[in-house]
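Notes follow once the structure below has been shown.
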Protein chains: 2
Amino acid sequence: MPPAKRRRVTISDVAALAGVSKGAVSRSFNGAERLPASTVKRIHDAADQLGWRPNAAARAIKGAPAHTIGFVLQRDPDLLGLDPFFPLFLAGLERVLSQNAYSITIRFVSDATEEARCYKDWVAEGRVDAFIVSDLRDDDPRFAMLDDLGSAAVVIGEPPADVHRPSVFHTSDECIEEVLEGWITRGHTRIAHVMGDPNLQHARRRRDVWARVLERHGLSTDALAVGGFTEPGSAEATRELLTAAERPTAIFYANDIMAAAGMRVMSELGLQTGSDVAVFGFDGIPLGPYLSPPLATIACDYIELGSIAGQVLLEELAGRPADPERRTLPARFVERASYGADAAS
Amino acid sequence: MPPAKRRRVTISDVAALAGVSKGAVSRSFNGAERLPASTVKRIHDAADQLGWRPNAAARAIKGAPAHTIGFVLQRDPDLLGLDPFFPLFLAGLERVLSQNAYSITIRFVSDATEEARCYKDWVAEGRVDAFIVSDLRDDDPRFAMLDDLGSAAVVIGEPPADVHRPSVFHTSDECIEEVLEGWITRGHTRIAHVMGDPNLQHARRRRDVWARVLERHGLSTDALAVGGFTEPGSAEATRELLTAAERPTAIFYANDIMAAAGMRVMSELGLQTGSDVAVFGFDGIPLGPYLSPPLATIACDYIELGSIAGQVLLEELAGRPADPERRTLPARFVERASYGADAAS
DNA sequence: CTGAAAGCGCTTACAG
DNA sequence: CTGAAAGCGCTTACAG
């Protein structure tokens, strides 16, 4: 058992020890007013000696910001196990925010109702100053909700054109296009796509880019399967694609995890990834280079994404309008053996 | 830009609308006192109508709990990308806590100094009621710190014998022993171990179990390499082991990610995982069954671990001493092709 | 059963 | 430059 809680040290104790008023102590901790350096030092010494810091709750009650950012995720917990986005983004975000004395509070919810309640409660209770809005959906209800609540937020992903909220996202369309074109140049004519969760905006977007490139070259877009961002889903989708009458010779997977699961199916079917079936994924998981064969991928920098999101949020909370409103990061292609032989070879 | 913030709705507004005193509103939201059901309903209707909820800061200022749990992680952000523990544990923990109106606040720190400051600050500022202590280290300074702070906590991992704090952890010693014995039964005599970060308690523990089993059977424990829980580290360690004079025929990796990286090296060296070199890992990452060959592993249930940690914490905060003080979860072996042919075959 | 009042630990105009 | 005082939004003994 921990020792019993001692009496709380308050600003009065510090003021008494330093021989000044509570006001002076408060001011010395809030920097705005000018105090003689010697007084500030005396106060801070007293505070350190007593282990005192301004109580966060007492501070926030004056209407001051809670210095906390809310991050509500509507995700199947089981899908979190290998998703590189969440932990890396969080680490990048947290790093920037904590340097500015902001904390992050996280909630996992299971549906949109719970999600809405969480947003409302946190605002009403004054727990958070702003939200992280990620995993954009079709007709996403969160934008209207944020407007209703009058709450600040940064959007991770590309918001609809009529939404004017600061946002940060990777641009990958061109990169995906080039990589698919590369396959076409090398003679691939049946190029499949295993897509992610159709409810998510970025999953649909990757599919659209894929379809656009194929159509531009007069190729069929029949070979589309839904993997839903899960390993079993992708394995099934891959099996379906590879046992169909017209087997694709190349597959673009909406993420690396699905690509890895797909590659396993290929080896089960006696197909060589990279030669019989070319493959690339998306995300750039650290394990990619260690798969057999190493997995080509469109790599994103999720730590950087989180860190930019943090900066944008701090600017917004400081009252400076985000400029530009939409900030982008380039995804980049990492060519590895699974992409297939180079045109030169 | 979000619309300007409206005037805050306070308990007085709700009291006025419901035609009662502030005290009545407060009591109706804190359940303790008995109010006529009709009054409670009238108050709650008024609150809903105004979108009011008790302000968290104002509540906490009375010395009431912050209803927040602190989770401080000292980790290299880059290592978070594929670590299954963190996101799954967090999801399990959060689920239990949020059902009891607790939030989690997370901080990533880069060294022990920053860590210590974070613990002290959060307690002094009254931001958290308790901590999650994970990734136990040698002579871990956090136990003394928590005692000093008089703070509640739940330990994830097995604490030193003299530490009396509620804890939750997987027991895997027996499981690892049996699986290693299985290899010995099948005739393996050179069994290597690629260990994790030597500063972490569980990494050393896995190594010790491995060494104990080998010694018990009079086998050499020379084939030990340090992978540090990273893919490149493990690749290098594996290469070293497999190109040594006496090549091991089996390798136990301290986690699945390192095993996957090691398997890649095997294929580069022209060795067949499962026949030339048998392998198993630790964690049970979802991708395991999709590696080539599928990866045998000692699987842990990190969602469940988080959820039990949450329950233990809630009990502790409710003043009920944890019973038992140390709660365990069995890790279990998942046999897959990388483990090698079955004795029967 | 319920209201009026004091007080939680801070911050911040307002005097001096 | 600095102190005394009011007040933030709530909770909680204390009266009635």
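Predicted, not measured: the structure shown is a model, and the values here were computed from it. All chains are named by letter (A, B, ...) in the order of the sequence lines, taking the proteins before the strands, and each is independently numbered beginning at 1.
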Assess whether a salt bridge exists between Arg137(B) and Glu115(B), defined as any Lys/Arg side-chain N lying under 4.0 Å from an Asp/Glu carboxylate O. yes
Summary of protein contacts for nucleotides 11-16 of chain D, nucleotide by nucleotide, where a base hit scores B, a sugar-phosphate-only hit scores S (4.0 Å, heavy atoms): BBB---
Is Arg117(B) salt-bridged to Asp111(B), going by a charged N under 4.0 Å from an acidic O? no
Using a 3.5 Å limit on both pairing distances, list the dot-bracket string of DNA chain C from the 5' end; Watson-Crick and G-U wobble pairs count, crossing pairs take [ ], interstrand pairs take |. |||.||||||||.|||
Phe29(B) vs Trp52(B) aromatic rings, parallel, tilted or perpendicular, using cut-offs 30° and 60°? perpendicular
Within the 4.5 Å heavy-atom criterion, are Pro166(B) and Arg326(B) side-chain neighbours or not? no
Please confirm whether the backbone N or O of Lys22(A) pairs with a side-chain atom of Ser26(A), one donor and one acceptor, at under 3.5 Å? no
Need to verify one output field. Residue with the more 5' nearest nucleotide on DNA chain C, Ser12(A) or Gly19(B)? Gly19(B)
Is the CG atom of Asp139(A) crowded by more than 12 outside heavy atoms at less than 6.0 Å? no
Got a salt bridge between Asp83(A) and Arg75(A), using NZ or NE/NH1/NH2 to carboxylate O under 4.0 Å? yes
To the nearest Å, how far apart are Arg42(B) CZ and dT2(C) C1'? 12 Å
Any side-chain N or O of Thr10(B) under 4.0 Å from OP1/OP2 of dG9(D)? no
What is the distance, rounded to the nearest whole Å, between atom CD1 of Ile43(B) and atom P of dC10(D)? 14 Å
Let me spell it out: for each of Ile61(B) and Val20(B), pick the nucleotide of DNA chain C with the closest heavy atom. Which residue's pick is nearer the 5' end? Val20(B)
